[in-house]
Structures are given as structure tokens and as C-alpha cells.
Amino acid sequence: MFAVSTGVFNSFYPQQAKVDAVLTNGADVIVTRPVLTASDTAKLAAVPGVRHVEPLQHRFAYVGADLQDLYGVRPTSIVGAGRLQNGYFSGGTVRSLMDRLSARPEGLLVSAETAHDFVLHPGDQVRLRLTDALTGQLRTVPFRFEGVVKEFPTAPKDSFLVANASYIARTTGSDAPGTLLVDTRGTGQRQAAAKAKRVLGPSAHVTDLPSSQTVVGSSLTAVDLAGLARVELGFALVIGAAAGGLVLALGLAECRRTNSHSCSWTYPPRRMLPQLHVETRDGPVGASSRWDAPWEASATPGLQHLP
């Protein structure tokens, strides 16, 4: 059971760690910088090994007196770029909710906590206060509640908002992304991250998925579970071998204490038969007479009867 439980744990734990790392990192490679432009997106797209670069707006918005993270997305491409799953949302599938944002530019996805606190229903108007890029002042922008988002790449665990990037750009006067999600087809993430760092310069913060998985993958200070699994399974094999040897040793000791001749692995029945002297009611006969009428047997010392 120890070996089985160890194998199951070490099989599923890295998978969960990868899921958490995807949520934390957002893509194979993620790039953040105080100011990102369309030219930065084009430079990253030209890096060898990069399949797609997805811009992701990151702003802050006031919901009442509560300041929350606001993410502006392109509904037609964020599903694949951000590896979104149905489990991240409530009130519809990921595709249906993104389709709603495409059809209704002012659509808004909020956290479950926000929806509960403000008693929101689909179609309700939500007024957010966003920073105007031209004046630097807060301005009120109307949105429409479309559904609940429980998790989102790069987003915090508590309250946050997801809206249409084009609508945010139009109402605030800026379409500058705060994050770039880089898709490398799941391979060569470290190499692509190093190239992105060279292309964008030292001001860019670049993180690759394997590095995030190493950090997020274990609360045990990033232990290498592959090596730990080998140690645990080796220990299980040692315990099994020791237990088997102990049982065998105890069996042999008991056999010698009772009668070494009665051990089936020491004296098989066919070798024991010639040593028997069987007496029947008519007198002594050979060992083969054990198959005849009822009998009483006397054998070599220590052997009481023929099994």
C-alpha cells in the first residue's frame, strides 16, 4: 500500500503543479513591462520558436470603494492563448462567455464574491471607475454583467474583473497591454524566454512556465519529486524484501523445531515413503500398502503419521 500510495501521489502531484503554474504564469512565456507597445508584440512574434503573442491589458478599477484588478482580453483569441478552461467560469462555458463579450463590447465578468456582494444578475449594469489615459483622472464607465470568473491566468486569487480589451481602450484612451502571453507550442520555453529578454532589454520581466512550475509545483520549497519518488519506492522494495526474508526465516526455524523430516521442501513425500514401516491387522507390509485397508503406521523417529 505504501508503494501504491507513493506512486499515485507522485503521478498526480506534478500534473496539479503544472495546472497551478499555468494559472500563475499564464502561458509558456510571460512578459511584463511598465510600458508595452505594439512594436514589442511584433518583436516577440518574430522570435524563433514563438507561435503566437497575445496582448493582455492589466488595469485597475474601482467597484464602489473596492479597488480590483481589471484584465482586458481579446475574446476571439484569449481562449487558446491563455489555455482557458470551463472550470474557470460560472454561468456558461468559456466559449459561450467569450462569445458574449464579442457580441456585447461592454460585457463584464466579475468574481463570485463581487457578484454576491452587489447581488448581480446577467444583464445588470455595473459602473466602474477607470483611469483616463489622457487626463489621469478617474472616469465612470458603464459595463454589463455577463457571468462569473473564478480563475484567470496571472490574476490574483481574490476579486478581479475581465472585460473586452477594445472597449477598455475606447473608453480610457489607451490600448497599451500590461502583459504579453507568448505561446511556444509547449516546447523551448526557457530558450524563448532568454531570447525575449535580449529583444526587449533589461526593463522587461520575463518568466517561463518551467521556472514557474518549479516554484509553484511544491509548497515543500520546490522539492524534486522525481528523485523523491525513487527513494520512496526503493524504501518500499527494501521493506517488502525484508518482510519476505523474515517470513521465510521463521518458517524454516519452525520446521527445524518440529521435525526437519516433515518439511515438504526438505523431504518430499515420495522420498519419505520408502522409509515407512506400515503395520496392518494382518502384519507388516510395504509402504505401498498405505492405500489398502485401515492401518496404523509407525515411521522413523519424529514422524507420527503419513499426511
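- By the side-chain hydrogen bond (donor to acceptor under 3.5 Å, both in side chains) test, T76 is found to be paired with no residue, residues two or more places apart in sequence or in another chain being considered.
- S159 and E113 form a side-chain donor-acceptor contact under 3.5 Å, judged by distance and modelled atom types alone.
- At a threshold of 4.5 Å between non-hydrogen side-chain atoms, the residues F60 and L70 do not count as touching.
- The closest side-chain donor-acceptor pair between Q68 and T114 falls under 3.5 angstrom.
- Heavy atoms from other residues, nucleotides or ligands lying under 6.0 Å from OH of Y167 number more than 12.
- The aromatic rings of F152 and F89 lie perpendicular to each other, with more than 60° between the two planes, well past the 30° mark.
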Derivation and outcome, side-chain contact (heavy atoms from CB on, under 4.5 Å), residues R74 and E54: CA-CA 8 Å; R74 299 192 301 186; E54 181 71 13; 3.0 Å; yes
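- Inter-residue side-chain proximity for R51 and D28 is flagged as unmet; no heavy-atom pair is nearer than 4.5 Å.
- L138 has its side chain out of reach of L130: every pair of non-hydrogen atoms, C-beta onward, lies at least 4.5 Å apart.
- Of the options T179, D69, T154, a side-chain hydrogen bond (donor to acceptor under 3.5 Å, both in side chains) to H58 is made by D69 and by none of the others.
- Counting heavy atoms from C-beta outward, L109 and M98 have side chains that approach closer than 4.5 Å.
- Checked for salt-bridge contact, D124 and R144 miss the test: no charged N lies under 4.0 Å from a carboxylate O.
- A side-chain donor-acceptor contact under 3.5 Å links R127 and Q125.
- Hydrophobic clustering places V110 together with V141 (ILVMFWY residues linked when any side-chain heavy atoms are closer than 4.5 Å, directly or through intermediates).
- Note: F118 and H116 fail the aromatic proximity criterion, with ring centroids not under 6.0 Å apart.
- When only modelled atom types and interatomic distance are considered, S211 and R190 share a side-chain donor-acceptor pair under 3.5 Å.
- The side-chain hydrogen bond (donor to acceptor under 3.5 Å, both in side chains) test applied to R59 returns T172, not counting sequence neighbours.
- The hydrophobic cluster around L246 extends to L250, counting ILVMFWY residues whose side-chain heavy atoms fall within less than 4.5 Å of a member.
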